[in-house]
Amino acid sequence: MSDPSAPGAPLGLAPIGPLADIAALLPERGSLMGLDLGTKTIGVATCDPDRRLATVVETVRRTKFTADAQRLIALAAERRTVAFVLGLPLNMDGTEGPRAQATRAFARNFAKLTALPIALWDERLSTAAVERALISADVSRARRAQVVDQHAAAFILQGALDFLDRRSSGGNEAGFFPED
């Protein structure tokens, strides 16, 4: 079987699902790319190959889907990414509303352009948590607007990394993602 992350791998084969399911498809090492999908921007974060620490990358201004996807794929190639972690904006009661449905549609369309797995991760309250942290760090309103999405992506990715670490060390994995 060929490596789906190898250069020149066939496109349109990207598996999509909860991180708990996608985790088995991930190589032991390799960077993951976290994405916080908004209507106007996409926050992007990445991690080290050992998957210990998420760091911000950039905020992609959304234009057309193809251009947005090409930018994400280029960033992933630059950082030798092995999978994407896409924040899934669930309602507080765990149900899916229009934003979650739009995120799933983005994932389905994006999966046609990459062979890298796309893991969905519950992102409830990520932006609010990041806003509070930036305010407490005395970041100006204008600067917060510029960086909140990429910091939200890092927050989402760090939660996923912590989940993967707990899972590999035999910790409790219940409660981190509602059943599909």
Side-chain angles (χ1 to χ4, degrees), residues 1-27 30-47 49 51 54-91 95-124 126-127 130 147-161 163-164 176-180:
M1 179 173 208
S2 65
D3 179 2
S5 65
L11 297 181
L13 301 177
I16 304 168
L19 180 58
D21 296 345
I22 297 295
L25 305 176
L26 300 177
S31 296
L32 305 180
M33 183 165 283
L35 303 175
D36 179 38
L37 188 66
T39 56
K40 296 179 183 177
T41 60
I42 302 171
V44 182
T46 192
C47 67
R51 301 183 191 144
T55 57
V56 299
V57 174
E58 71 177 62
T59 300
V60 174
R61 293 265 167 233
R62 294 192 71 177
T63 56
K64 295 200 181 299
F65 172 78
T66 302
D68 301 344
Q70 287 173 345
R71 180 64 186 145
L72 297 175
I73 290 167
L75 288 170
E78 288 171 16
R79 287 160 175 76
R80 297 188 178 121
T81 298
V82 299
F84 294 97
V85 175
L86 179 59
L88 184 65
L90 299 173
N91 294 324
T95 61
E96 291 190 18
R99 286 187 57 231
Q101 293 167 2
T103 299
R104 285 189 184 275
F106 178 91
R108 284 190 303 273
N109 290 327
F110 192 52
K112 296 173 186 173
L113 302 176
T114 182
L116 299 177
I118 301 169
L120 302 173
W121 183 253
D122 183 351
E123 70 155 81
R124 280 179 279 189
S126 61
T127 301
V130 167
V147 301
V148 69
D149 295 315
Q150 57 191 272
H151 282 271
F155 186 90
I156 291 163
L157 182 56
Q158 190 63 54
L161 297 175
F163 168 78
L164 291 170
F176 290 99
F177 194 91
E179 295 300 316
D180 268 331

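These numbers come from a predicted model, not from an experiment.
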Next item on the list: Measure the CG-CG distance between Leu72 and Asp68 for me, rounded to the nearest 0.5 Å.
Entry: 7.0 Å
Item checked: Nearest heavy atoms of Ile118 and Ala107, plus distance in Å -> CD1-O, 3.7 Å
Next item on the list: Taking all non-hydrogen atoms of both residues into account, name the closest pair between Phe110 and Phe65 and its distance.
Entry: N-CZ, 3.5 Å
Next item on the list: To the nearest 0.5 angstrom, please state how far the CG atom of Leu19 sits from the CG atom of Asp122.
Entry: 11.5 Å
Next item on the list: Quick one: closest heavy-atom pair of Glu96 and Gln101, and the distance?
Entry: O-NE2, 4.1 Å
Checklist line | Ile42 and Phe106: CA distance, side-chain angles, deciding distance, side chain to side chain contact (heavy atoms under 4.5 Å, CB included) verdict | finding: CA-CA 11 Å; Ile42 302 171; Phe106 178 91; 4.3 Å; yes
Checklist line | Spatial distance of atom CD1 (Ile73) from atom OG1 (Thr66) [nearest 0.5 Å] | finding: 9.5 Å
Item checked: Value rounded to 0.5 Å, distance of CZ in Phe84 from CG in Leu75 -> 8.5 Å
Next item on the list: Find the distance between NE2 (His151) and OG1 (Thr55) and round it off to the nearest 0.5 Å.
Entry: 10.0 Å
Next item on the list: Please examine the side chains of Val57 and Arg79, heavy atoms only from C-beta on, and report whether any two atoms are closer than 4.5 Å.
Entry: yes
Checklist line | Student check: side-chain heavy atoms of Met33 and Val44 closer than 4.5 Å | finding: yes
Next item on the list: State whether the side chain of Arg62 and the backbone N or O of Gly38 hold a donor-acceptor pair below 3.5 Å, judged by distance alone.
Entry: yes
Note to self: Strictly distance-based, threshold 3.5 Å: is any side-chain N or O of Thr81 a donor or acceptor partner for the main-chain N or O of Leu32?
What the structure shows: no
Checklist line | Shortest non-hydrogen contact between Leu120 and Arg104, atoms and distance | finding: CD1-NH1, 3.3 Å
Check: Any idea which heavy atoms bring Gln150 and Glu58 closest together, and the distance?
Finding: CB-O, 3.5 Å
Margin query: Looking at every heavy atom in both Leu35 and Ile156, which two are closest together, and how far apart are they?
Written below: O-CD1, 4.2 Å
Margin query: With a 4.5 Å cut-off on side-chain heavy atoms, are Arg51 and Val82 touching?
Written below: yes
Checklist line | CG-CD1 distance between Asp21 and Ile16, expressed to the nearest 0.5 angstrom | finding: 12.5 Å
